[in-house]
Amino acid sequence: MPEEESIDIKFRLYDGSDIGPFRYSAASTVDFLKQRVVSDWPKGKTVVPKGINEVKLISSGKILENSKTVGQCKTPFGDIAGGVIVMHVVVQPSLAKTKTEKKVDKAPKAVICTCTIL
């Protein structure tokens with residue numbers, strides 16, 4: 001039975017710090033990687049994801065889809081023997097939360113109209 005391919009991945013956070021590297025099988029899903037990032041998130045950071053839906057993983061300039069496997073996301077130029085693939089982590093708060101915050105912050109504006117005839 002052939003050995004399953006494994007890939008070393010580290011996650012680069014918004015402030016330049018890293019989580020990992022960790023070894024994953026090529027069959028691991030992006031969803032699984034996001035769960036690992038959320039569970040291993042460093043304490044004391046100003047931005048903390050509340051769940052995997054707030055985390056976006058970016059590799060080679062592309063946002064990775066949850067249903068894809070690591071093997072499907074790996075790019076040919078990422079095939080460096082013994083190399084570690086770096087995935088960037090972006091925390092994006094849920095859209096529903098930001099919409100309600102904007103509605104609360106808006107104060108009614110008074111409309112003032114002036115006309116000048118010369």
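As a basis for the values below, the full set of heavy atoms in this structure was taken, side chains included, without hydrogen atoms, waters or symmetry mates.
Every residue two or more places apart in sequence or in another chain was checked for a side chain to side chain donor-acceptor pair (under 3.5 Å) with Asn53, and none qualifies. The side chain to side chain donor-acceptor pair (under 3.5 Å) search around Lys68 returns none, not counting sequence neighbours. Residues forming a side chain to side chain contact (heavy atoms under 4.5 Å, CB included) with Arg12 (at least two apart in sequence, or on another chain): Lys10, Asp18, Val86, His88. With sequence neighbours excluded, no residue forms a side chain to side chain donor-acceptor pair (under 3.5 Å) with Glu65. Applying the side chain to side chain contact (heavy atoms under 4.5 Å, CB included) test to Val89 and every residue at least two apart in sequence or in another chain returns Phe11, Leu13, Val37, Trp41, Val55, Leu57. Residues forming a side chain to side chain donor-acceptor pair (under 3.5 Å) with Thr46 (at least two apart in sequence, or on another chain): Tyr14.
Sorted by first then second residue, the salt bridge (charged side-chain N to carboxylate O under 4.0 Å, His left out) pairs that include residues 26-40, not counting sequence neighbours, are Arg36-Asp40.
In this structure, the separation between OG on Ser25 and CZ on Phe32 is 8.0 Å, given to the nearest 0.5 Å. Rounding to the nearest 0.5 Å places CD1 of Ile52 at 10.5 Å from CG of Leu33. The distance from the OH atom of Tyr24 to the CD1 atom of Ile7 is 11.5 Å, given to the nearest 0.5 Å.
In this structure the side chain of Val48 never reaches within 4.5 angstrom of the side chain of Lys43, judged on heavy atoms. With contacts defined as side-chain heavy-atom distances shorter than 4.5 Å, the pair Val70/Ile9 qualifies.
Ile58 forms part of a hydrophobic cluster together with Ile63, Val90, judged by ILVMFWY side-chain heavy-atom separations under 4.5 Å.
For the pair Ala27 and Thr69, the tightest heavy-atom approach, listed with the atom from each and the gap, is O-CG2, 3.7 Å. Considering every non-hydrogen atom in both Ser17 and Lys45, the closest pair reads OG-NZ, 3.0 Å. The two residues Ser59 and Ile85 make their nearest non-hydrogen contact at OG-CG2, 4.3 Å. Here the closest non-hydrogen pair linking Gln72 and Ser67 is OE1-O, 4.5 Å.
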